[in-house]
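Down below is the structure, laid out as structure tokens.
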Amino acid sequence: RADNVVAYQSPKMGGFQALAAYVTEDGATGGGDAFSINGIYKAGPLMVGAAYETHSDKLNQALGSNTTDVESSAVRLMGSYKFGEAKVVGFYQSTTDEGGVAGADVDTWGLGASYKVSPAGTVKAQYYKNDKTVEQSLFALGYDHKLGKGTDVYAQYALTDGSLGIGGSGHGESVSADGNGDTDAFSVGIRHKF
């Protein structure tokens with residue numbers, strides 16, 4: 001999470017809500033900045049949204065992504081629809097000059113579904129794929145079980161290919177790909193919302 005973020009979240013207006021954030025230029029970002037905007041519309045069982053984010057060349061350099069003067073940006077579209085105990089979700093993202101590397105353009109798409117099997121239990125599945133030089137994909141299957149208000153336990157299994165790792169970034173130890181470029185991991189945990 002970036003330091004020195006200024007953010008605004010609009011009130012909900014007829015099912016629509018906008019969010020915007022600006023990462024200010026400072027020493028932690030190497031004098032770089034970033035801007036993000038997101039709009040979400042919810043009506044009954046339907047949710048759709050779109051987002052745009054850009055990182056300056058100096059921010060990319062501070063993150064250690066590159067040594068050239070290249071900005072990066074991404075556009076994301078997402079949606080979900082709930083019917084009965086089931087929910088389906090879709091996701092598409094187009095990234096230009098990913099990580100500040102010129103010409104590193106990547107498209108990623110994903111599909112997901114969940115089904116409430118009991119008042120406390122939900123089964124979930126997701127599949128994501130991108131079109132990097134070495135294509136990468138991820139499949140995950142999980143189960144969430146509510147223990148009470150704000151507390152649930154979960155179990156999940158994930159499988160990736162294309163040299164993708166699993167974990168890290170605050171979610172436990174990162175698991176690296178094997179000699180075939182595949183990775184799989186099983187995790188269990190408990191979440192509590194304060």
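Keep in mind that what you see is a predicted model, and the values were worked out from it rather than measured.
Looking at every heavy atom in both residues, Ala51 comes nearest to Asn38 through CB-OD1, 3.7 Å. Shown here for Ser56 and Gly32, the closest heavy-atom pair between the two residues is OG-CA, 3.2 Å. Closest approach of Tyr41 and Phe16 over heavy atoms only: CD1-N, 4.0 Å. Annotation for Ala50 and Met78: closest pair N-CE, 4.0 Å, computed over non-hydrogen atoms. Taking both residues in full, the closest heavy atoms of Gly100 and Ser72 are given as N-CB, 3.9 Å, listed atom of the first, atom of the second, then distance. Counting all heavy atoms, side chain and backbone alike, Gly84 lies closest to Lys82 at O-CE, 3.7 Å.
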Worked check of side-chain contact (heavy atoms from CB on, under 4.5 Å) between Val6 and Thr24: CA-CA 8 Å; Val6 178; Thr24 63; 4.2 Å; yes
Using the rule given for side-chain contact (heavy atoms from CB on, under 4.5 Å), can you reason through Val117 versus Val123, listing the C-alpha separation, both sets of side-chain angles and the distance that settles it, and then say yes or no? CA-CA 7 Å; Val117 295; Val123 175; 3.8 Å; yes
Residues 138-150, side-chain donor-acceptor partners within the protein, below 3.5 Å, at least two apart:
| from | atom 1 | to | atom 2 | distance (Å) |
| --- | --- | --- | --- | --- |
| Tyr143 | OH | His145 | ND1 | 2.9 |
| Asp144 | OD1 | Arg191 | NH2 | 3.4 |
| Asp144 | OD2 | Lys124 | NZ | 2.7 |
| Asp144 | OD2 | Arg191 | NH2 | 3.2 |

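Ser114 OG to Glu85 CD: the interatomic distance, rounded to the nearest 0.5 Å, is 10.0 Å. Atom CD in Glu98 sits 11.0 Å away from atom OG in Ser73 (nearest 0.5 Å). The line from CD1 of Ile40 to OG of Ser80 is 9.5 Å long, rounded to the nearest 0.5 Å. If you take CG on Asp184 and CG on Asp161, they are separated by 11.5 Å, rounding to the nearest 0.5 Å. Between the OH atom in Tyr128 and the CG atom in Leu111 there is a gap of 9.0 Å [rounded to 0.5 Å]. Summarising the geometry, atom CD1 belonging to Ile190 is positioned 8.0 Å from atom CG belonging to Asp152; distances are rounded to the nearest 0.5 Å.
A continuous path of Ile, Leu, Val, Met, Phe, Trp and Tyr side chains, each step under 4.5 Å between heavy atoms, connects Val188 with Tyr157, placing both in one hydrophobic cluster. Note: the hydrophobic cluster containing Val75 also contains Ile37 (ILVMFWY, side chain heavy atoms under 4.5 Å, direct or indirect links).
The shortest side-chain heavy-atom distance between Gln136 and Lys129 does not fall under the 4.5 Å cut-off. In this structure, Asp105 and Thr95 have side chains that are not in contact, with every pair of non-hydrogen atoms separated by 4.5 Å or more. Counting heavy atoms from C-beta outward, Ser187 and Tyr154 have side chains that approach closer than 4.5 Å. Residues Asp107 and Tyr92 are in side-chain contact: their nearest non-hydrogen atoms beyond the backbone lie under 4.5 Å apart. Between Phe35 and Val23 the shortest side-chain heavy-atom distance does not fall below 4.5 Å. A heavy-atom distance below 4.5 Å is found between the side chains of Asp33 and Tyr22. Annotation: side chain of Val88 is in contact with side chain of Phe83 (closest heavy-atom distance under 4.5 Å).
Residue pairs meeting the ring-ring contact (aromatic ring centres under 6.0 Å, His included) criterion with at least one partner in residues 96-117, sequence neighbours excluded, are Trp109-Tyr127.
Between the side chain of Thr108 and the main chain of Gln93, no donor-acceptor pair closer than 3.5 Å is present. Gln17 places no side-chain N or O within donor-acceptor distance of the main-chain N or O of Lys12, the cut-off being under 3.5 Å.
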